[in-house]
6 protein chains.
Amino acid sequence: MSEIIRADGRTTDQLREITIERGWSQQAEGSALISFGRTKVLCTASFTNGVPRWLTGKGKGWVTAEYSMLPRATNERSDRESVKGRIGGRTHEISRLIGRSIRAVVDTKALGENTIVLDCDVLQADGGTRTAAITGAYVALADALAWGKEHKFIGQRATPLIDSVSAVSVGIIDGEPMLDLAYVEDVRAETDMNVVVTGRGLFVEVQGTAEGAPFDRRELGSLLDLAEGGCRDLAVFQASALNPDAASTAS
Amino acid sequence: MSEIIRADGRTTDQLREITIERGWSQQAEGSALISFGRTKVLCTASFTNGVPRWLTGKGKGWVTAEYSMLPRATNERSDRESVKGRIGGRTHEISRLIGRSIRAVVDTKALGENTIVLDCDVLQADGGTRTAAITGAYVALADALAWGKEHKFIGQRATPLIDSVSAVSVGIIDGEPMLDLAYVEDVRAETDMNVVVTGRGLFVEVQGTAEGAPFDRRELGSLLDLAEGGCRDLAVFQASALNPDAASTAS
Amino acid sequence: MSEIIRADGRTTDQLREITIERGWSQQAEGSALISFGRTKVLCTASFTNGVPRWLTGKGKGWVTAEYSMLPRATNERSDRESVKGRIGGRTHEISRLIGRSIRAVVDTKALGENTIVLDCDVLQADGGTRTAAITGAYVALADALAWGKEHKFIGQRATPLIDSVSAVSVGIIDGEPMLDLAYVEDVRAETDMNVVVTGRGLFVEVQGTAEGAPFDRRELGSLLDLAEGGCRDLAVFQASALNPDAASTAS
Amino acid sequence: MSEIIRADGRTTDQLREITIERGWSQQAEGSALISFGRTKVLCTASFTNGVPRWLTGKGKGWVTAEYSMLPRATNERSDRESVKGRIGGRTHEISRLIGRSIRAVVDTKALGENTIVLDCDVLQADGGTRTAAITGAYVALADALAWGKEHKFIGQRATPLIDSVSAVSVGIIDGEPMLDLAYVEDVRAETDMNVVVTGRGLFVEVQGTAEGAPFDRRELGSLLDLAEGGCRDLAVFQASALNPDAASTAS
Amino acid sequence: MSEIIRADGRTTDQLREITIERGWSQQAEGSALISFGRTKVLCTASFTNGVPRWLTGKGKGWVTAEYSMLPRATNERSDRESVKGRIGGRTHEISRLIGRSIRAVVDTKALGENTIVLDCDVLQADGGTRTAAITGAYVALADALAWGKEHKFIGQRATPLIDSVSAVSVGIIDGEPMLDLAYVEDVRAETDMNVVVTGRGLFVEVQGTAEGAPFDRRELGSLLDLAEGGCRDLAVFQASALNPDAASTAS
Amino acid sequence: MSEIIRADGRTTDQLREITIERGWSQQAEGSALISFGRTKVLCTASFTNGVPRWLTGKGKGWVTAEYSMLPRATNERSDRESVKGRIGGRTHEISRLIGRSIRAVVDTKALGENTIVLDCDVLQADGGTRTAAITGAYVALADALAWGKEHKFIGQRATPLIDSVSAVSVGIIDGEPMLDLAYVEDVRAETDMNVVVTGRGLFVEVQGTAEGAPFDRRELGSLLDLAEGGCRDLAVFQASALNPDAASTAS
């Protein structure tokens, strides 16, 4: 499968260049500036002691996420949602996806009555912003949880982080399944799928959409294979970012 | 698999009672009041000659969908989105899903410069409202297209409808994959998936979410099997509604 | 007066066909799907124990109403108010009218600290939607109050329902006063009046508007006569719906 | 009837002190600062050549009205609707009432393709703000129409103003019908009615509401009698304001 | 400098005619209808015992301001912000300026846990509305504080009012610095400055903007000289309004 | 003056470390990531051929700016304005200030019928975000104008850029005037001033606010001296960023 060479020189099963600048923000409890090629997302995790009123007294924490794009992240400027006075469907959809993905690896009982808000702001967009956001948000989350433990808001024996989680897009272009689509590939894809996978290799989300032509079980299978491979690689990048000393061994 | 008996007496691979009241509205060009058990959705298709300004002159039609729920469709009343002044993320997400699903079976060139708006209003909710909406919207769409042909807005030789489309939910409860979840099942499901399938058996959308525990490839496979079966049955109901004379043979 | 025959074959003092499907909703404490000819309104009454904060501790209940129209209830589709992000003046006006009309027959002290929200959603519109809404809302209200008594939220000796209430539109067309205007009549009316009358025959609301030409006292009198007659008939339909056994005698 | 003396010394059929400061604004084409006792409303009429796009080319003009209240017009400060981001139902209702009332005396064909916007801003409120607004808006309108004629936007032989129009509130307090309720009376009224009457004595709007107890035909009759009398007096005040020289004779 | 004669006959260092109608509102605790020539602003001060929740228990009061313009205050009608559903940047900016200016002369500890809301509504606009608003708001504030003392909400020995405050606009037109610009001057000004000065002659705000050409230190100096003179005069008008008996001596 | 040493080791007349990463965005026509110490603002300039409809055909261009802050730019997370559904007063005020400042150095006739939108998004905030935004926006603007010339949207002989522009904050802390306040200094300042100065040393904006105590002419003078010096330095940094080869000489 991997003999086809793409516009940017990658093979069909190859990720773009991934970089994770952990601790980019000097303000947030956890943060990461992640890039998937030219796609750059600033992820911050804000830790607050306490939970929203409706959750108080239940001994459980709360994790939520918000996604947004700067107006000129894309090739043509788009209006700000704050100026339009309403959040668009796409933004809502992605914010919810990030939230569900991250909550899948958090034990909210172990977190205790604490709140973590993940903000994923796309500074530059070139396809795959939601998958980069999930992958970067996990790193920011891990640091915010460590901060919470250090500051005694989380019990010292608690393990709020059950697993790691990352995400990648896959799609079929001219009949060929491909990993981690750049924008020019994304617009041409017949089928487009975002897959969220835990460090242990289990699925959290599978969102496949036939943009051009409906797809069959075999194609679905090829896409999932590619996504599983991509997320395995992303998990290594996440581990290296969070544990730079061990990274030399990992890579 | 189908020996387990569910709360409402169904086997695991059995749909709830499906009824489609075609032509319910005396105002819309196409309409259907569909029920999946106690879930009832009123689907109307509004046909307008012409397209939004940004599409004018491109020789293509436009199909879009809006989903909404009456405040007391559910067991507890929820506030109207018109009163809150903003549309929630869930509503946005489902409206977009219905729109994509329906567009997958429409040839917008054959439709010509005409617009179809599908309104799916949930009158009563008991799980599976989005899948009932897609399934009913297809019937309303088919009638609105027939209306457009009759009124000469669509060319007499044009075939804007490429295929039929229906949708069903599937999920894993206590480790057991099940078809067409009612609300009480939905809230207990570890994994929840909505699958949109064409009459020819191809996938338009696969949206699987791990609500409780992440899932593996084998579980994903079982769920897809169930969904394919369910949508085959739904396609028969749709055909019967649209062609009542032929229905006696079909059922 | 009644020798003139209208477009739909009615005499000037004749209601359209009235049907009341009591208990249509399996979710709400009280409900009715009412039709005045082709006008169909789904009325639900949601009973909640407790009152809004600002009313707490005053020993009184709260009754309020919301009116809305599905986008394709009418002959041409109109935009959803949730999409527009604001509720229009007409919707506000009618919601307030329904609320006032219903509160006129409720003893809020006897209701106790309970809240009833009446939702009137127009599924199909052909004139007279607000009067159908009031007439149907009364039936839904009666059932919700019965539910509240059964569930001990209302004292067993309390009589929160003082009287019944119904409403009808009247208007002058080509100089002729007519009862219960259908849409085609409504747009032609010089004067249009909505009248809300209790079961005992007293007025709760009289809202007359000169759409075409101002009117005099004599015309006002004729319209009120017609409305009183129409509401007497509607009260019989309401009683039959609420007490089907007694109905055979009533009609 | 008029032997009862009210809190402010009036008889039951007596208006409060009425003043009309015509031409208060140096900016608007027509304006009037009207007071009904302590209720003060600034009414401006803005004349624009041309009509909204949807009316262009139909040879007809457009008249519309907006009502608003300053936050501290009332005894307790209320939040601004601009700050709340939405217009309340009461404001909508009154704006629509003023617009309908004023349109009832305008011949939009004679007006030609011109637009008049009436702004009625309550500077101080003590009951009857909507009726003062209608009464004052008529004066502002008359001047704006004169301005339009002077500036040749309206044909020299056209008579866009068919009649005059004024409005007054009436209500039943302790069983006694009374004219032009001040705020302290308004809150105590069992029945409250706003009546809009033309200079020729015909009804444009009759809006009666049972706040406390439903009312019968006889009570309705008494209220209408009072309102007709009040509006006759208001028409004289309007005429004096518009024609100060003739006024000496009139009063 | 003052030999140049302006369109309205003023010298360059002369204010327009200033009038202050103290106590205009019979509803508010303090009020003033102020005019700077044709610019008229109704300022009300609403006194409430208690503070917003976030300030409770800190022993300090809260003073805030809201500015707005009636739609036809200006030569061309502008849409209401309540209708647009959002407050514009200019309105926000001016409301904040008034609030800061007034807070500069209030000792919030001496005020105690009380809230004062200043509403400045422009009834007619001819330039300088924000400076008239600040100047008038001070008078309304002084009366509301006196009311608070009288009603024992403010301690009898407390002195919440530290100083007086007024504001004036200055600008450079055709190279000439001028005081208190009317609208026709304002639109021609190369540089426009709003200056807020206390009774003791200290600056609270200096907001200079180069509308046409940037300015130098010398020009800035001339403008500040003019503004200081103008505010000295305004302080005398304020004192006269608040202390009419002493006024004869003052003027 | 400069012997006092501040918390971060600076003298009173010293800027924080300034860095300008020109061309940070690969999407925008012009861009700069600017930092004033820990304050980081991403400025992009979007060039579009054409102007808003209301300006069409006047031979002039349009330059506007929008400012925003990421939710976790600050030490405590704040809600997104898109989520709140409205833009706050502070954001409006700063967006307008940036727009005016930039327009002061643009000849819109020379720009021709082109539009430039400047987006200034604060990624990290530590005081002085608006002044950093103006200073960075100028660099982005210069590159966007060069792009416009290169692409022939601007005439080859046109000089749309009249001058350079930069901005800095100054304030009085414990009676001592200081340059370029960091957040900890800003909150303690008695007086706070933002000054916008052109490359030629002329003032575009002077916005001084007494946060604690009103100020006199002498203090105002000291602050302006400091600001003029700071902006001279910033102009050198801008020149170096835009002309890196000449920079070695400049610094």
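Not measured: the values here are computed from a predicted model. Naming: A, B, ... by sequence-line order, numbering from 1 per chain.
Looking at C/V117, the atoms closer than 4.5 Å to chain B (heavy atoms on both sides) all sit in the side chain, from C-beta outward. Heavy-atom distances place the side chain of C/Q124, and not its backbone, under 4.5 Å from chain B. Of the two parts of C/E76, neither the backbone nor the side chain holds a non-hydrogen atom closer than 4.5 Å to a non-hydrogen atom of chain B. When heavy atoms are compared at a cutoff of 4.5 Å, C/S46 approaches chain B by way of both its backbone and its side chain. In this structure, the portion of B/T74 lying under 4.5 Å from any heavy atom of chain C is its backbone and not its side chain. Heavy-atom distances place no part of C/K84 under 4.5 Å from chain B, backbone and side chain included.
Listed for the C/E29 side chain is a donor-acceptor partner under 3.5 Å among the backbone atoms of C/F47.
Residues B/L97 and B/I134 form a side-chain contact, since some pair of their non-hydrogen atoms from C-beta on lies under 4.5 Å apart. Within the 4.5 Å cutoff, the side chain of C/T44 has no heavy atoms near those of the C/Q27 side chain.
Crowding of C/K149 atom NZ: a count of heavy atoms from other residues, nucleotides or ligands under 6.0 Å exceeding 12. Within 6.0 Å of CD in B/E17 there are 12 or fewer heavy atoms belonging to other residues, nucleotides or ligands. Around the CZ atom of B/F153, the shell of radius 6.0 Å holds more than 12 heavy atoms that belong to other residues, nucleotides or ligands.
Contact annotation for residues 102-114 of chain C against chain B (heavy-atom separation below 4.5 Å): no residues qualify.
The two residues C/I20 and C/A241 make their nearest non-hydrogen contact at CG2-CB, 3.8 Å. Closest non-hydrogen pair, B/V122 versus B/M69, comes out as CB-CG, 3.6 Å.
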